[in-house]
Amino acid sequence: MAETGKTISKTYDPKLFEKKWYQFWEDNKLFHAEVEEGKQPYSIVIPPPNVTGQLHMGHAMDNALQDILIRWRRMQGYNTLWMPGCDHAGIATQAKVEQTLRAEGKSRYDLGREKFLERVWAWKEQYGSRIMSQLRSLGSSCDWDRERFTMDEGCSRAVREVFVRLYDEGLIYQGTRITNWCPNCNTALSDLEVEHETEQGHLWHIRYKFEDSDEYVEIATTRPETMFGDTGVAVHPDDERYKHLVGRTLILPVVGRRIPLFADEYVDPAFGTGAVKVTPAHDPNDFDMGMRHDLEQVIVIKNDGTMGEGAGKYAGLDRYECRKQLVKELEEIGALVSVEAHEHAVGHCSRCNATIEPLVSKQWFVKMESLAKPAIEAVNDGRIRFVPERFTKIYTGWLENIRDWCISRQLWWGHRIPVWYCDDCGEATASRDDITVCPKCGSAHVHQDEDVLDTWFSSGLWPFETMGWPDKTPELAQFYPTNTLVTGYDIIFFWVARMVMMGLKFGGDVPFRHVFIHGLVRDSQGRKMSKSLGNGIDPVEVIDKYGADTLRFMLVTGNTPGNDMRFYWERVESARNFANKLWNASRFMMMNLAGFDASFVPGDKDFELSDRWILSRYAKTAAGVTENLEKFELGEAARMIYEFIWSELCDWYIELAKARLYDKENERPRRTAQYVLGYVLEHTLRLLHPFMPFITEEIWQHIPHEGQSIMVAPWPKDEEKWLDEAAEAPMTAIMETIKAIRNMRAEVGAAPGKKSEAILHFADAGLQEVFGAHAEYLRVLADADPVTLAAATAAKPENALTAVAGGVEIYLPLKDLIDIGKETARLQKELDNLDREIKRTAAKLENEGFVAKAPAAVVEKERAKKQEYEEKRAALAQRLEYLAKMA
RNA sequence: GCGCUGUUAGCUCAGUUGGUUAGAGUAUCACCUUGACAUGGUGGGGGUCGCAGAUUCGAUUUCUGCACAGCGCACCA
């Protein structure tokens, strides 16, 4: 046992101990998990933050939640593993490094691939550890010995293994298709990386003349510049306006190309003019129609967003400049019919916000259908559960309509696609190991695919690649599937769904049992925190100013799972105040440990009412906290501890224990109070530890305890032995009486601390006896002295303030302070309230339907309520009568 | 267009199978520096639970519709 009775600083100052305890935990390997056969595992893999990132509020919340779960399960005795690591974040990291190059006036092409990658690795070494150390300052109990990186050797091996297996199965294929292209990042993107925003645009109506007459067809388009690539005009086959014209040939204005007018079901006759220009090379729908009708693909926009050769004199112009000039020309030649305002969705690059261009290019894709099916089933049959459940639908909805995943990126930073091409025979080979000789023709002229994989390809393997897969490791055997995945709703598709698919396909099982989804941390106005808005709050700043415990507590309380939260400094302060309250309550105990004897255990007779009450309240709290943690209601669990510590332990028990603790004469009562306070505080600290690891450790080490660290102290269970309704009921009556007396005294302005008599009348003799034994409680907490007790049948005191609470009639003979007018008004108001309630309960009880159909217990409750109100009312009415006589 | 979420005190939010006079934090008002804590204590004021229906003995809670706010998905040129 550590030294006891040592005091701590007067106010809570987390700077004095947070670093110290983290170091202590880490030095003692308390975060580390070894595989232990037969021990129940509990594991979480961290959502790997980007290497170049730094901790933001979202990370802080995400990791606080994970740490709470991990610490709680660890205390429960599970073999817990929290796997940490970070993500290479291909496009994001590359963009960052290119930005530093630009500052030097260079581009990645100036350096060349190899040199550029050296730069990125150097960057990774420099910044990669920053966020990990920030996670430490938050208190995250990750197993740092196992830290991983998505591009480390093991992960890279897993990536190649998965790629080759999918390739061999035909689930990865290469195709020339229309894909989302970011002209700014210069790479293809998956559908998920495109964000659609509705924009105010225009609908240009243009007439295309027939080759052999002066008739024309009017088309409508939002992107006139693509007309250089038009190879047809489509109408709906049933459209009476155009039916007779199908099959004829049109002349593309400006360009002069002959293009067919054809019919296709895709066309919506109700939109625009019912005739649509078809540009197979630059629109996904037109691409499909082009395939159906065997149209030529004419590429007119280049990868960098400028117009290509096909645009004639506009070649070389940016596509928007071209649009401007082209529209003018169309107008001049009389081809432009009209322009109307039109709102439409435009795709933007999620990284750089540039407008996405659908371009035809050769990319690698993963066939998703067969992978998605088992992933849907795993959720439908309950092998994976989303918390809150509503996210299930979002997940399955996406998977049910999934399209093939474009996994190749025209970047350099990432896992290079493990496919080699033979320069001589053209053979493409996917391989786990680098290839130097073509396996088909033996040629040594081979080269690897230039592209890298989408970052999420490797993140999708995270739960098993970090545990040694493809080898059959003991870690995989013990910790896979993991138990809980904690993440924000914003990456359900990007990450969660892909992990499930990959986990089922390669890990042999679901990657996790529960997906615990949380919301975003927003600013005080409800806006997303962002760099560009400059409204982000740096969690490191909050930790510096208020401590990690405060930040954690604030982040997990005051909202419900899956919902967004607003950040307010007031809420941070509120959490800090709670820490300070706990700090001082603990300090109080440390100051009152004189003569503490760890071997002293009170007998039943030693416990007084307040002891039995607080122990019973504690037992309920312990059970409630555990129950809420099991339901992932972490905020509710934290709130219960807060309530218990502040409103019960501090407000009532500590105040009532003071008499015994200060009394040096009577050792046994003092030791009993020490025992109870010690027991309750020490156990409550354990309940709070997952939420506020630092302050609980600091206090715990200063009070009587057993063991090395609170983080491995057993989680409280089987505390029902303390439940004591026979103590709670009278204690509650006493508390209500005290509140009523305080209330009356405050209203008449009685001087605090100045004792005054209280006369109490009881209908229940048992209750009267308990009050008699604990008159001291009323003296200490309500300044009631002397306390006079009598049966309800006794004559009522005259000239006194009156209230009825908890089955007790209360009279305060504060002669000098009573203002008859005010007192009458006060009582009248209370009486009116009661009348209203009596009327309500009476109406209920007179309702035959209620009496007949409501559960007996509810009816009984209602009767008791009515009776209570009536008794209360009678006492007040009597009192009012008396006051009326006085006036 | 489809879907999801929210609408409860001035502000931010709880309210767990329908049933105490709907709660907390914060703000606000009054009083109090008493030997854990003024980052505190005590007491007070403040809400027709978005609107309209339905089910029910009974609805903040279940259902339907509507309004407003936010978000997600979506190939309508």
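Letters A, B, ... mirror the listed sequences (proteins, then strands); counts begin at 1.
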Touch class at under 4.0 angstrom, heavy-atom based, for A:Arg840 against every strand present: sugar-phosphate
Sugar-phosphate only, base, or nothing, as touched by A:Thr557 at under 4.0 Å among non-hydrogen atoms: nothing
Sugar-phosphate only, base, or nothing, as touched by A:Gly558 at under 4.0 Å among non-hydrogen atoms: sugar-phosphate
Cation-pi check, A:Arg177 onto A:Trp405 ring (under 6.0 Å, within 45° of axis): no
Whole angstrom value for the distance that separates C1' of B:U21 from CG of A:Asp835: 13 Å
Gap between atoms CD1 and P, on A:Ile645 and B:U39 respectively (whole Å): 20 Å
A:Arg670 side-chain N/O to A:Asn592 backbone N/O, donor-acceptor pair under 3.5 Å: no
Proximity to the side chain of A:Thr560 - top-ranked nucleotide from B:A14, B:U21, B:A36: B:A14
Exercise: do A:His348 and A:Glu199 side chains pair donor with acceptor under 3.5 Å: yes
Value rounded to 0.5 Å, distance of CG in A:Asn584 from CZ in A:Arg587: 4.5 Å
Electrostatic pair A:Asp191:A:Arg403 at N-O distance under 4.0 angstrom: yes
Sugar-phosphate, base or nothing in reach of A:Glu655, heavy atoms under 4.0 Å: base
Between B:U12 (P) and A:Asn563 (CG): distance, integer Å: 15 Å
B:C37 OP1/OP2 closer than 4.0 Å to side-chain N/O of A:Lys10: yes
A:Phe228-A:His282 aromatic ring centre distance below 6.0 Å: no
Sugar-phosphate only, base, or nothing, as touched by A:Pro855 at under 4.0 Å among non-hydrogen atoms: base
Flag, side chain of A:Ser647 to backbone of A:Phe644, donor-acceptor distance under 3.5 Å: no
Nearest-Å distance for atom pair CZ/C1', residues A:Phe578 and B:A24: 14 Å
Contact pattern, 5' to 3', of nucleotides 59-65 of chain B - B, S or - by protein heavy atom under 4.0 Å: -------
Separation between the P atoms of B:U62 and B:C49, rounded to whole Å: 16 Å
Sugar-phosphate, base or nothing in reach of A:Lys581, heavy atoms under 4.0 Å: base
A:Asn628 (side chain) donor-acceptor with A:Leu634 (main chain) under 3.5 angstrom: no
Interatomic distance where OH belongs to A:Tyr12 and P belongs to B:G40 [whole Å]: 14 Å
Spacing between A:Trp652 atom CH2 and B:C37 atom P, to the nearest angstrom: 20 Å
N or O in side chain of A:Arg566 less than 4.0 angstrom from B:C13 OP1/OP2: yes
Plane angle bin for A:Trp204 and A:His202 - parallel if under 30°, tilted between 30 and 60°, otherwise perpendicular: tilted
Note: A:Lys15-A:Asp13 ion pair, threshold 4.0 Å (strictly below): no
Pairwise P distance for B:C66 and B:A27, with rounding to whole Å: 41 Å
Basic-acidic side-chain contact under 4.0 Å: A:Lys739, A:Glu736: no
Touch class at under 4.0 angstrom, heavy-atom based, for A:Arg576 against every strand present: base
B:U21 OP1/OP2 closer than 4.0 Å to side-chain N/O of A:Lys865: yes
Note, A:Met554 side chain near A:Tyr568 side chain (heavy atom, < 4.5 Å): no
B:U55 and B:C63, which share atom name C1', separated by this distance in whole Å: 7 Å
Members of residues 623-635 of chain A that approach RNA chain B, where some heavy atom sits under 4.0 Å away: A:Lys631
Backbone N/O of A:Arg223 and side chain of A:Arg319: donor-acceptor pair under 3.5 Å: no
Qualifying ring-ring contact (aromatic ring centres under 6.0 Å, His included) pairs with a residue from residues 572-593 of chain A, counting only residues at least two apart or across chains: A:Phe17-A:Trp583, A:Phe553-A:Phe578, A:Phe578-A:Tyr642
Sugar-phosphate, base or nothing in reach of A:Lys755, heavy atoms under 4.0 Å: nothing
Distance test, side-chain N/O of A:Lys658 to OP1/OP2 of B:U34, below 4.0 Å: no
Same-atom distance (C1') from B:G46 to B:A9, integer angstrom: 6 Å
Donor-acceptor pair between A:Glu837 and A:Asn833 side chains, under 3.5 angstrom: no
First of A:Lys844 and A:Arg639 reached from the 5' end of RNA chain B, by closest nucleotide: A:Arg639
Per-nucleotide protein contact string for nucleotides 70-77 of chain B (B base, S sugar-phosphate only, - none; heavy atom under 4.0 Å): ---S-BBB
CA sep, side-chain torsions, deciding dist, call: A:His205, A:Glu218, side chain to side chain contact (heavy atoms under 4.5 Å, CB included): CA-CA 6 Å; A:His205 291 244; A:Glu218 184 181 321; 2.9 Å; yes
A:Asn847 or A:Ala746, whichever maps to the more 5' nucleotide of RNA chain B: A:Ala746
Residue A:Glu636, side-chain heavy atoms: nucleotide from B:G41, B:A14, B:U21 that is nearest: B:A14
Rounded C1' spacing from B:G6 to B:C75 in Å: 31 Å
Pairwise P distance for B:C29 and B:U20, with rounding to whole Å: 34 Å
B:C2 and B:G65, which share atom name P, separated by this distance in whole Å: 12 Å
Main-chain N/O of A:Ala234 paired with A:Asp264 side-chain donor or acceptor, under 3.5 Å: no
Residues A:Ser574 and A:Asn577: side-chain donor-acceptor under 3.5 angstrom: no
Consecutive Watson-Crick or G-U pairs in runs of at least 3, all under 3.5 Å, in which RNA chain B is involved: B:1-7 with B:67-73, B:10-13 with B:23-26, B:28-32 with B:40-44, B:50-54 with B:62-66
P gap between B:U60 and B:U7, integer Å: 15 Å
Spacing of A:Arg587 atom CZ relative to B:U39 atom C1', expressed in whole Å: 13 Å
Any A:Asn743 side-chain N or O less than 4.0 Å from OP1/OP2 of B:G44: yes
Contact pattern, 5' to 3', of nucleotides 25-32 of chain B - B, S or - by protein heavy atom under 4.0 Å: S-------
Integer-rounded Å distance: B:G43 C1' and A:Glu747 CD: 8 Å
side-chain N/O A:Tyr869 vs B:U21 OP1/OP2, d < 4.0 Å: yes
Flag if over 12 foreign heavy atoms under 6.0 Å of CD, A:Glu389: no
4.5 Å side-chain heavy-atom contact, A:Glu870 and A:Ile838: yes
